[in-house]
Amino acid sequence: MSEKISNNIDNINEKLLRPYDPKETESRIYKLWEESGYFNPDNLPERHKEPFCVIMPPPNANGSLHAGHAVFVTLEDLIIRYKRMLGFKTLWLPGADHAGFETQVVYEKKLEKEGRSRFQMKREELYKEIFDFTMQNKSFMENQLRELGASCDWSREKFTLEKDIIKTVYETFKKLADDGLLYRGKRVINWCVKHQTSLSELETISEEQTDQLYYIKYGPFVIATVRPETIFGDVAVAVNPNDPRHKDLIGQEIEVDLLTEKRKMKVIADDYVDMEFGTGALKVTPAHDPNDFEIAKRHDLPSIEVIDQFGKLNEKTGKYAGLKAEEARKVVVQDLEKAGLLLKREDYKHAVKKCYKCERIIEPRILPQWFIKIKPLAEEAAKAVKNGEVKFVTEKFEKIFFHWIENIQDWNISRQIVWGIRIPAKICDNCDEGYADIKDEITKCPKCAGGVHQDNDTFDTWFSSGQWPFAALGYPDNRDFKTFYPTAVMETGFDIIFFWVARMIMLGIYRTGKAPFKTIYLHGLIRDVQKQKMSKSKGNVISPTEMTEKYGTDAFRMALIVGNTPGSDMALSEDKIRGYKHFSNKIWNIARFVVSGAPDTEGTLKEPPKLTEKDSRLLKELGEKIKEVTDDIENYRFYLAGEKLYHYVWHTFADVIIEEAKPRLKPENPNTADRLSCQYTLRKILETSIKALHPFMPFITEEIWSIITDKKELLMIEEWPKD
RNA sequence: GGGCAAUUAGCUCAGUGGUAGAGCGUUUCGUUGACAUCGAAAAGGUCACAGGUUCGAUCCCUGUAUUGCCCACCA
């Protein structure tokens, strides 16, 4: 037997003698995986019974993947590969999002560069162009996902504009209408004058800025306002009912000089008015302020629109018509001053709402829109989190989640854009009433019998993405839905916790009765080494494709895992990625040494020889390490698991175990039993390490596996090591 | 205005009620037959500050400071 043992380096597979070449290896290995069919749970071997599903957050198909996408791909692939090895029937369902507003904004920028504008285009024309643009990006993105090693089931890939998805979304819209949770309301909404659409609360950002607060003589009052240009839309003066200063005037009609006219208006009492602020008197402008709109509703006041959809003053403002609100403010202030109506001005720091895309100030406008009465849905979602049906990986997110969900406001789901799912509703030409109509069967207004037209608006993208888990799995009849819903883990960026995660929980429960996932893992933002946000304009963007080509996907993945704690932003540098490229090299060379020093020519692995005490101890320690790593992965401490494996392989296995093995492996070693024991142990540690590393570094481990084992099967479906 | 977090080595971050850890970077040495994409060694920290609990606190509690983030319809 001993004569068969050889330390001759010629015996080892010549592949291992070459330096590791990630580029060549990765594309070849990915093809192997894809052709094996194992990405598809239906093709997994018999032992894979219990379903385990992760729904991929569908990337916006409007550009290429960035480092943030690489994080989700890496973490989700890690989870899926780990569970697959454990023996679960794993489905990772990939998708792509048409990303309505986001994509339209991207495309509008492109149009602008070409000297075109969406406002000069026909609806169908614009839609077609964005559709082609999206499809092109989509296929590009799919290739990038492959590059990153994503072991998702491409045969089940879904796109948010597919017929069955739209059907599900329509049915949800109808159900909301039937349940009385949907209304088309004339309300003050957030309007972006550049993008010409309304936006939800989440799509606006509040920024603090200092403006002037003007004190204006206003009939018998002095009122304070930051928007004097809206006085033409004033309909009343409001005071606090308990304010002794103004008690006598409540209910009176007063006359106010509004520059263009002297207007008679009522003095009303409303609790909303803060006696402490300004002069305790508030001018009421229902058309351009949400609070004033609410006050007007309570007191049955009319509203006068004086600013148009482009943010310019309209014909009702006389000589000011045509001026942008900001310009009008200056002129109005001047004129007030001339007329002796401006009494005082002071600096005033306050928060202003802006469009989250273009950062232009939001112009509140009254517009009929579809709103969801979200409170009942929010309550169910809160319950699901409270009772543990849904768990956030870091508790801090629960607090953030509860804070938002408990203060939630009705959700405006209408967008005045072309790119998206058109709202299946009819609007009365005559009385402007709206009706959900998913079967396209309403031909005249049920209320006034007037003619109807199709609603021109599209859904907020998040309304459809909020239904993604059950829609993508084919609710309600598809076998996949029955098998895999509720899914196991939702892994995504914490920046979309409200936009997406909260809404998925709400809509998931609403439609299916069950929250769409049991665990939510939220990763932070990837920043550059100076902790700056990555952006194209700063030139500090780390491109996944570039890193993958330079250092190999495995190295890139490790750099994204280690040091990445849930919910915290992570600094990523090229140095770090390079460090893990070195690690890839180390693994490769370890394999080369072990195979040359301990060739499996006589099946040492199948029949363990009698182990020396030292070797037994080494294997026991390996088992303990694996147990720790397993425990870390189970508890979503991927950063720790990765680091521990790294450390074990390099500083224990290579630095200590292999170094100490060298003399024992020499042909001069007269103790054959000792040599055999050593060889067996090294092979065992190598195999176990390769298995445990596979979810982290799938390519190099699969490649080494293919070289060192006689088995025909892929490492990706090997059993996760237990000892 | 509310809320959430962070503060540990030059940088990015782990970590524990009992002598403080990693990666990268730095310095010195080393061309040993797995690996120079390496190895060996070293330097480097009042664990933000002030109190408290404790035999003992970087860790638990309170406060302060700084930083970051989220939420918020006082004109």
Side-chain angles (χ1 to χ4, degrees), chain A residues 7-9 12 16-17 19-20 188 190 201-202 205-206 208 211 213-215 223-228 230 238 240 272-285 289-295 348 350-351 353 364 394-404 406-409 494-495 497-498 524-525 527-531 551-552 555 558-559 562-565 567-597 637 639-640 642-644 646-647 650-651 654-655 658-659 661-662 665-666 682 686:
Chain A
N7 289 321
N8 190 340
I9 205 153
I12 78 164
L16 274 175
L17 286 174
Y20 178 61
V188 173
N190 301 306
E201 296 307 315
L202 283 176
I205 47 170
S206 284
E208 204 153 79
D211 284 312
L213 183 64
Y214 302 95
Y215 288 79
I223 55 102
T225 180
V226 286
R227 296 202 71 185
T230 64
N240 191 287
Y272 169 77
V273 182
D274 182 352
M275 288 188 272
E276 310 290 316
F277 189 91
T279 59
L282 169 74
K283 76 185 193 64
V284 182
T285 323
D289 184 289
N291 298 315
D292 293 11
F293 183 82
E294 292 303 316
I295 293 173
Y348 175 58
H350 66 148
K353 263 195 202 176
T394 314
E395 254 175 62
K396 72 171 178 181
F397 288 122
E398 283 183 15
K399 290 180 192 164
I400 295 173
F401 172 82
F402 283 131
H403 180 80
W404 186 78
E406 281 160 13
N407 294 291
I408 200 163
Q409 294 183 39
F494 85 102
D495 51 326
I497 180 171
F498 307 134
L525 207 66
R527 295 168 179 274
D528 76 2
V529 76
Q530 266 97 36
K531 293 229 110 187
Y551 305 104
M558 274 302 268
V562 177
N564 190 356
T565 50
S568 306
D569 291 353
M570 188 184 67
L572 180 67
S573 65
E574 241 186 279
D575 275 344
K576 189 176 179 188
I577 304 169
R578 193 181 312 117
Y580 287 107
K581 186 191 171 167
H582 296 175
F583 182 51
S584 301
N585 181 64
K586 194 77 183 176
I587 297 171
W588 189 253
N589 282 297
I590 286 169
R592 182 192 296 170
F593 175 82
V594 170
V595 171
S596 69
R637 295 186 297 255
Y639 60 101
L640 255 187
E643 200 181 319
K644 279 178 185 166
Y646 172 90
H647 210 256
W650 199 317
H651 300 300
D655 289 357
I658 286 183
E659 288 306 319
K662 279 178 182 172
L665 289 174
K666 288 200 170 158
L682 290 185
L686 175 66

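What's counted below: heavy atoms across the whole structure, side chains too, no hydrogens, waters or symmetry copies. So you know, we letter chains A, B, ... as the sequences are listed, proteins then strands, and number each from 1.
Using a 4.0 Å heavy-atom distance criterion, A238(A) is classed as making no nucleic acid contact. Across all strands, K662(A) comes closer than 4.0 Å to base atoms (heavy-atom distances). No engagement by E294(A) is indicated, since no non-hydrogen atom pair under 4.0 Å with the nucleic acid exists. Within the nucleic acid shown, D655(A) comes within 4.0 Å of sugar-phosphate atoms alone, with no base atom in reach, counting heavy atoms only. Within 4.0 Å (heavy atoms only), F397(A) reaches no atom of the nucleic acid at all. Within 4.0 Å of I658(A), counting heavy atoms only, lies at least one base atom of the nucleic acid. Counting any heavy atom pair closer than 4.0 Å across all strands shown, V273(A) reaches a base atom. When heavy atoms are screened at a 4.0 angstrom cut-off, A224(A) is found touching base atoms of the nucleic acid.
Toward the 5' end of RNA chain B, the nearer of the two residues H350(A) and E208(A), judged by each one's closest nucleotide, is E208(A). Annotation: of the two residues near RNA chain B, K581(A) and L572(A), the 5′-most nearest-nucleotide partner is L572(A).
Nucleotide A14(B) holds its C1' atom 7 Å from the OH atom of Y639(A), rounded to whole Å. Rounded to whole Å, the distance from CE on M570(A) to P on C13(B) is 9 Å. Remark: P of A5(B) and CG of L525(A) are 19 Å apart, rounded to the nearest angstrom. The interatomic distance linking F401(A) (CZ) with G3(B) (C1') rounds to 16 Å, in whole Å. For R527(A) and U67(B), the CZ to P distance is 16 Å, given to the nearest whole Å. Distance CD (Q409(A)) to P (A72(B)): 7 Å, rounded to an integer number of Å. In this entry the distance linking CD of E406(A) with P of G2(B) reads 19 Å, nearest Å. Taking atom CG on N585(A) and atom P on C35(B), their separation rounds to 10 Å, with Å as the unit.
Rounded to whole Å, the separation between the C1' atoms of U54(B) and C61(B) comes to 12 Å. U46(B) and U62(B): their P atoms are spaced 27 Å apart (whole Å). Taking the C1' atoms as reference points, U16(B) lies 14 Å from G56(B), given to the whole Å. Spacing between G63(B) and A5(B) at atom P, rounded to whole Å, works out to 14 Å. The C1' atoms of U8(B) and G2(B) are separated by 30 Å, rounded to the nearest whole Å. As rounded to the nearest Å, C59(B) and G33(B) have P atoms that lie 50 Å from one another. Using atom P as the reference point in both G44(B) and C69(B), the two lie 36 Å apart (nearest Å). Taking atom P on both G25(B) and U12(B), the two are 15 Å apart, rounded to the nearest angstrom.
Relative ring orientation between H651(A) and H647(A) is described as tilted, the plane-to-plane angle lying within the 30° to 60° band. Ring geometry for W404(A) against F498(A) counts as parallel: the plane angle stays under 30°, on a 0 to 90° scale with 60° as the upper cut.
G51(B) is paired with C61(B) under the criterion used here, namely a Watson-Crick or G-U wobble arrangement in which both key atom distances are under 3.5 Å. Base pairing analysis places G30(B) opposite C38(B); the two distances defining the Watson-Crick or G-U wobble pair are each below 3.5 Å. Within the shown strands, nothing qualifies as a pairing partner of G25(B) under the Watson-Crick or G-U definition with both distances less than 3.5 Å. Under the Watson-Crick and G-U wobble criteria, each requiring two contacts below 3.5 Å, nucleotide U16(B) is left unpaired. Partner assigned to U66(B) is A6(B), using Watson-Crick or G-U wobble distances below 3.5 angstrom.
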Contacts under 3.5 angstrom, residues 572-579 of chain A side chains, donor-acceptor by atom type, not counting sequence neighbours:
{"from": "S573(A)", "atom 1": "OG", "to": "K576(A)", "atom 2": "N", "distance (Å)": "3.2"}
{"from": "E574(A)", "atom 1": "OE2", "to": "K550(A)", "atom 2": "NZ", "distance (Å)": "2.7"}
{"from": "E574(A)", "atom 1": "OE2", "to": "Y551(A)", "atom 2": "OH", "distance (Å)": "2.5"}
{"from": "D575(A)", "atom 1": "OD1", "to": "R578(A)", "atom 2": "NH1", "distance (Å)": "2.7"}
{"from": "D575(A)", "atom 1": "OD1", "to": "R578(A)", "atom 2": "NH2", "distance (Å)": "3.4"}
{"from": "K576(A)", "atom 1": "NZ", "to": "A559(A)", "atom 2": "O", "distance (Å)": "3.1"}
{"from": "K576(A)", "atom 1": "NZ", "to": "V562(A)", "atom 2": "O", "distance (Å)": "2.6"}

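At least one side-chain nitrogen or oxygen of K399(A) sits closer than 4.0 Å to the OP1 or OP2 atom of A5(B). Within the structure, a side-chain polar atom (N or O) of T565(A) is placed less than 4.0 Å from OP1 or OP2 of A14(B).
Considering only the side chain of H403(A), G2(B) comes nearest among A34(B), G2(B), G33(B). Distance from the side chain of K586(A) is smallest to C38(B) among C74(B), C38(B), A72(B).
The distance from atom CG of L213(A) to atom CZ of F277(A), rounded to the nearest 0.5 Å, is 5.0 Å. Separation of atoms CE (M558(A)) and CD (E643(A)) is listed at 9.0 Å; rounding is to 0.5 Å. The distance from the OH atom of Y214(A) to the CZ atom of R227(A) is 12.0 Å, given to the nearest 0.5 Å. Within the model, atoms CD1 of I658(A) and CG of N589(A) stand 9.5 Å from one another, a figure rounded to the nearest 0.5 Å.
Using a distance-only test at 3.5 Å, with no hydrogens or angles considered, a donor-acceptor pair links the side chain of R592(A) to the main chain of L17(A). Using a distance-only test at 3.5 Å, with no hydrogens or angles considered, no donor-acceptor pair links the side chain of D569(A) to the main chain of G524(A).
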Produce the list of close N/O pairs, under 3.5 Å, pairing protein atoms with atoms of nucleotides 22-24 of chain B; give distances to one decimal.
{"from": "G23(B)", "atom 1": "OP1", "to": "H651(A)", "atom 2": "NE2", "distance (Å)": "3.3"}

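By the neighbour-count criterion of 12 heavy atoms within 6.0 Å, atom CD of E208(A) is densely surrounded, having more than that number from other residues, nucleotides or ligands.
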